[in-house]
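Not measured: the values here are computed from a predicted model. Note: hydrogens, waters and symmetry copies are ignored here, and every other heavy atom, side chains too, is used. Numbers here are sequence positions counted from 1.
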Amino acid sequence: MSEVKKSAPGSGRGGGWTRFVTARPRLTLLMALVLTALAVLAGGGVADRMGSGGWEDPSAESTYATKALERQFPGSQPNVLLLVDAGGARTTGGAAPVDAHAVVAEARKLAERLDAEPGVEGVGSYWSTGSPALRSEDGRQAVIAARIPGEEKDAAAVLDRIAPTYRGTHGPVEVSLGGGLAVRHEMQTVIQEDLLRAELIALPVTLVLLVMVFGSAVAALLPLGVGIVAILGTNAVLRGITEFTDVSVFAQNLTTALGLGLAIDYALFVVRRYREELAAGADTHTAVRTTLRTAGRTVLFSALTVAVSLAAMLVFPQYFLRSFAYAGIAVVLLAATAALTLLPAALVLLGDRVNALDLRRLLRRGRPPKEAGDGAGWGRAAALVMRRAPVFAVVTTAGLVLLGLPFLGVKFGTADDRQLPATASSRVVQDELRDGFPGNPGGGITVLAEGAATPAQYADYRERISALDGVVRAEGPVTAGGAAYFTVVPDGETVGADAQRVVGELRTAEAPFATSVTGPAAVLVDSKDAIAERLPWAAGIIVLVTLLLVFLLTGSVVVPVQAVLLNALSLTAMFGAVVWVFQEGHLAGFLGFTSTGDIETTLPVLMFCVAFGLSMDYGVFLLSRIKEEYDATGDHERSVRFGLRHTGGLITAAAVILAVVMVAIGTSRVTNTKMLGLGVALAVLMDAMVVRSLLVPSVMKLTGRLTWWAPGPLRRFHDRFGISESDSYNPEPTPGVEEVSEKRREATPVRS
């Protein structure tokens, strides 16, 4: 067994770092204040430089076709739609309201004025083309379609400029604005408003919870300070990244959630350990040094595991997913850096005053104070679970699998206007188009034909694709400069199963010219293919690096495998709930969203990476304390009880606080953000309250001392490169184990 270590204060690895961050605490905090102020200036207006799309694969056939059509046929890819309502127009001879003389004159005037607007091209309308797809079935509404080309931010600026001119009443008609650009622009505005509201909800509630956990108002403010620094720093980083690549506005939600959540996790762990060292009799500087050598290393390992999980999204081509990797990596590293630099400096200056302003004393009524998270109840609960380990392991696993079963029926789709609340102006327009028009303008499938062809060949091709199963009609060709395009209207939903099948058939259909297919359904098909192709790489990166990091922390080959499997199992409830609630529509009225019958393709990938990383965050906290005690005593079951006793309350408190932050994000009016916030909140709570409390101790009991096994070469590798918390003395030495026989020491398969 490993010998008990009582290193001298300041000894062991990391001494130089502890001296660096604590030698001049006032200077450290002043520099942090200056850097934070610079980050506020650098990150100002970052949301205005972000995009609200990013679900398409840049190298896909649909992306190529979209860009080619935009160059050659701007009118084929409208992103702004003016819905002209002529419901009150007077007609003669039974004509439809949109065909009334006054309406026709006003609509043509609007179209001509729109066509003359700088930055607008490809203007067409029902009154210029006569297309039945541009007129409602009741004849009361019709559409003027146009395209605003260019980068998303530039196009949004043009839309902002022209929208007030066209929205509202014009003679006999009422005009509303819709289309893809209007939807994305309004979504960006709603997200920014919702994010501000979420922060206003999360910050005060989090502060109250931190006071309940720590008792001390001073200690409670420290995690919030770390979180604010991390969030502001990440906004500055994202502002810099927008100079080089697209970044999704959705990533700001993750910045806030992880900035607060992880900063609180790390600060809770550091402050908790620091107060533990003070309670054991250490002076301020010794307590800070010991805390950095122990809890500090755990925080560093935790940050690396979370960062790796988020970095895996970089393998995907969609900038929506890559944006979360940019934001996630930045906020995790900044939160860890602040927790390991600013927090120790503040603790050096505060000393015992970290316990000042105990706001819980009014509730104790004379009872002695009790350190948050340090209760024997967690140890007793662990003992109970381990006494009935097979029962708890089987029942818990079966329950988690059962909760995840709805995910077997998942259907993948793409985000559309129904992400917005039903009262959003662009959503209202899209609902009118979806429900009242024979073909959703701008929502069909477009086939780009490149290469010389005769009119007869074009006509023959149109007839063949019109005959495909699931095709309502095919229109075209529209020709220009040796190219042409056809518009195909599929049966049913724009991105439904039939539309996706039609995309596949169009891509395999014989043609005397080169063809490429685009449109919402084609973008979805290509996005699904890109994710399926790269998902094994992302999962492999997460698993392999996680296995390595947990091995370096524990020296075991069994514990890393357990960690990966149990963390993955903790996510089943989240995925099951996502399908049951958001795909099938249960609780839609209560939560205030519209179910489209599918899940946006990239969301499960994002939620897995985020939730898996957070689960590993808590797993590292627990395993580090278990390993510390096992190194000190060699008693496997006692070590598990020790780990849960010293981290169970802490992990639960951190999970509840993080869940509050995620639920605040989940109050968003945008469905994808709501799904992300509420889903990850559920995963975090399930991991802390079920997996860490029931499944981990029962599984570790079943594997026994085999838990710490590693083959000789790997054991020697860990001896040289491994890092654990046991490099410091144990503040609560276990009675009766100070002296250990050489025989038992040799029998233990890990070193201290």
Contacts of Glu475 that satisfy side-chain hydrogen bond (donor to acceptor under 3.5 Å, both in side chains) - sequence neighbours left out: Arg473
Residue pair Asp687 / Asn567, side-chain heavy-atom distance below 4.5 Å: yes
Glu584 (side chain) donor-acceptor with Gly597 (main chain) under 3.5 angstrom: no
Under 3.5 Å: donor-acceptor pair, side chain of Thr667, backbone of Ala664: yes
Aromatic plane relationship, Phe575 with Phe608 - under 30° parallel, 30 to 60° tilted, over 60° perpendicular: parallel
Side-chain H-bond candidate by donor/acceptor type, Glu186 with Ser426, under 3.5 Å: yes
Min side-chain heavy-atom separation Phe612-Leu571 under 4.5 Å: yes
Result of checking Thr63, Thr66, Asp526, Thr446 against Thr518 for side chain to side chain donor-acceptor pair (under 3.5 Å): Thr66
Spacing of Ile599 atom CD1 and Met675 atom CE [to the nearest 0.5 Å]: 4.0 Å
Gap between atom CG of Leu506 and atom CZ of Arg501 - 0.5 Å precision: 10.0 Å
Donor-acceptor contact present, side-chain Arg462 to main-chain Gly476, <3.5 Å: yes
Euclidean distance, Leu321 CG relative to Leu603 CG, rounded to 0.5 Å: 9.0 Å
Thr673 OG1 to Met187 CE distance, which is reported to the nearest 0.5 Å: 8.5 Å
Pair Arg161 + Glu117, salt bridge at N-O below 4.0 Å: yes
CZ on Arg135 to OH on Tyr126, rounded to 0.5 Å: 4.5 Å
Ring geometry between Phe513 and Tyr461 (parallel below 30°, tilted from 30 to 60°, perpendicular above 60°): perpendicular
Flag, side chain of Thr572 to backbone of Ala568, donor-acceptor distance under 3.5 Å: no
Leu314 and Ile329, any side-chain heavy atoms less than 4.5 Å apart: yes
Thr601 side chain vs Gly413 backbone, donor-acceptor pair below 3.5 Å: yes
